[in-house]
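In what follows, a single structure is set out as structure tokens and then discussed.
We name chains A, B, ... by the order of the sequence lines, and we start the count at 1 in each one.
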Amino acid sequence: MTHPLLPKHFQQHVLNWFNKHGRKNLPWQQKKSPYHVWLSEIMLQQTQVTTVTPYFQRFIKQFPNLSSLAAAQLDEVLNLWAGLGYYARARNLLRCAQMLEQKYAGKFPQNLIQLQTLPGIGRSTAGAILSLGFDQAAAILDGNVKRVLTRFHAIAGWPGLSAVNKKLWELAERYTPIQQTAAYTQAMMDLGALICTRTQPKCDQCPLQTHCLAYNTGNPAHFPSPKPSKKLPIRSIQMLILVNQQQEILLEKRPPTGIWGGLWSLPECPSDADAKNFSKKHYYCETEKVRQAMQMRHTFSHFHLDIQAVVMQVNKWHPPLMESDRIVWYNVQQLQKKGLAAPIKKLIQQLNNSTYTHSNGIFGKAPRK
DNA sequence: AAAGCGGGGCG
DNA sequence: CGCCCAGCTTT
């Protein structure tokens, strides 16, 4: 099959468009630095620019360079990451910084092979670091580029299929120029993010319109093919809101890997267990006034989590010393200082707000003025 | 409620 | 390899 456009011409259209309309003032473009490119690329995995921006700014304020990050504690990194999701990214980020310090004299290696051995860096992120950070000829294939290419060539089949993925990488590499790779790479991401959007693409503003196969056959939004859908299983748990006499709640640190790994969360109790017995056995709490406070559903990529919040008043607490790192009492007003998973923070805040409006909040009654 | 967004890790 | 895992935002 012949290509609708020579790579040289494809690049010219894309680069000309970028010069006029591309994004040149994103927070990670302020200073040309592989550290900033890397950090932003990790944050931008599965996460959009508008969400990432404030996180990125807080992050570089606290860790302005690679060596400061490499010296950080995991808790500090997770606190900055809390709410962004996919917390393995934060763990890998720290490990990667440490490896760069120890094995690479604090510099990013400038080749795909070595970059991809670093935790959290796969083929696309490695390409982004080389192209955006070092202006070297390397291709990326993120969601934006996938959308542009599947439409431009009207490639059917879900991009997660290995055959489709392989084809897309071939195209990505074919079009990536040797010169001006940084500008081209940013241009392709901008094109995908601003013009070749998932729904309602702005084809009338697209520099590739006249050669785009999907446009010319009438249905750009048909590409890329959707992921085969699956019914998600439902998992149910109770989350315990244990309130002591200082009106603090008990938080528990999650195990280092798995869901919300390393973040602070509420004590979790199987849905068929008795919350009162469970609190005593696992959290050393003598409780009373058990109240079913609220129900919420949080959906992960692979299951629904139905959460039943149970509020209990704690009268006595007898913790063994060894547990003091895993469980802490925390003032509800200071939640932003702890790395809490987003839905847990939301749940607590909703309960806390209802304290002032209903009689079913965390403290069971409106506070005295 | 469903879709979208990369990479790690396992068998 | 193919398959599972992970968490938000947007639509």
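A donor-acceptor pair is defined here as one N or O able to donate and one able to accept, closer than 3.5 Å; no such pair exists between the side chain of A:Asn244 and the backbone of A:Val314.
Spacing between atom CD1 of A:Ile140 and atom C1' of B:dG6 amounts to 12 Å, rounded to whole angstrom units. One atom, CE of A:Met43, and another, P of B:dC5, lie 20 Å apart when rounded to the nearest Å. Rounded to whole Å, atom C1' of C:dT9 lies 11 Å from atom NE2 of A:His298. Here C:dC5 presents its C1' atom at 11 Å from CZ of A:Arg235, a figure rounded to the nearest Å. As a whole-Å value, the separation of A:Lys345 NZ from C:dG7 P is 16 Å. If you measure from atom CG of A:Leu112 to atom P of B:dG6, you get 17 Å, rounded to the nearest angstrom. We find that CG of A:Asn144 is positioned 18 Å from P of C:dT9, with the value rounded to whole Å. C:dC8 atom C1' lies 11 Å from atom NZ of A:Lys346, rounded to whole Å.
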- [ ] Apply side chain to side chain contact (heavy atoms under 4.5 Å, CB included) to A:Ile121 and A:Trp38, showing your working.
- [x] CA-CA 9 Å; A:Ile121 300 180; A:Trp38 166 64; 3.8 Å; yes
Task: Criterion side chain to side chain donor-acceptor pair (under 3.5 Å) on A:Arg89 and A:Thr47, from CA distance to verdict - done: CA-CA 12 Å; A:Arg89 290 185 295 173; A:Thr47 314; 3.2 Å; yes
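Checked against a 6.0 Å centroid threshold, the rings of A:Phe10 and A:His211 do not count as neighbours. Remark: aromatic rings of A:Phe56 and A:Trp28 are close, center separation under 6.0 Å. In this structure, A:His153 has its ring center closer than 6.0 angstrom to the ring center of A:Tyr175.
The side chain of A:Arg147 has B:dC5 as its nearest neighbour among B:dC5, B:dG4, C:dG7. Of the candidates C:dG2, C:dA6, B:dG4, the closest approach to any side-chain atom of A:Ser162 belongs to C:dG2. When the nucleotides B:dG4, C:dC8, B:dA1 are ranked by their closest atom to the side chain of A:Pro226, B:dG4 comes out on top. Comparing B:dA3, B:dG6, B:dG8 by their nearest atom to the side chain of A:Asn92 picks out B:dG8. The side chain of A:Arg198 sits closest to C:dT11 out of C:dT11, C:dT9, B:dG9.
As rounded to the nearest Å, C:dT9 and B:dG8 have P atoms that lie 23 Å from one another.
Taking 4.0 angstrom as the limit, A:Trp260 places a side-chain polar atom (N or O) nearer than this to OP1 or OP2 of C:dC8. Residue A:Tyr87 places at least one side-chain N or O under 4.0 Å from the OP1 or OP2 atom of C:dC8. For the OP1/OP2 pair of B:dG7 and a distance below 4.0 Å, the side-chain nitrogens and oxygens of A:Thr125 include at least one atom meeting the criterion. For B:dA1, neither phosphate oxygen OP1 nor OP2 lies less than 4.0 angstrom from any side-chain nitrogen or oxygen of A:His304. Taking only side-chain nitrogens and oxygens, A:Thr199 never comes nearer than 4.0 Å to OP1 or OP2 of B:dA3.
Taking for each of A:Ile121 and A:Gln48 the nucleotide of DNA chain B with the nearest heavy atom, the 5'-most of the two is the partner of A:Gln48. Along DNA chain C, the nucleotide nearest to A:Lys166 and the one nearest to A:Ala88 differ in position, and the one closer to the 5' end is contacted by A:Lys166. Mapped onto DNA chain C by nearest heavy atom, A:Phe303 and A:Thr51 fall at different nucleotides, with A:Phe303 at the one closer to the 5' end.
In this structure, A:Leu118 reaches the sugar-phosphate backbone alone: every heavy-atom distance under 4.0 Å involves primed, P, OP1 or OP2 atoms, never a base. Using a 4.0 Å heavy-atom cutoff across all strands shown, A:Ser124 reaches sugar-phosphate atoms only and no base atom.
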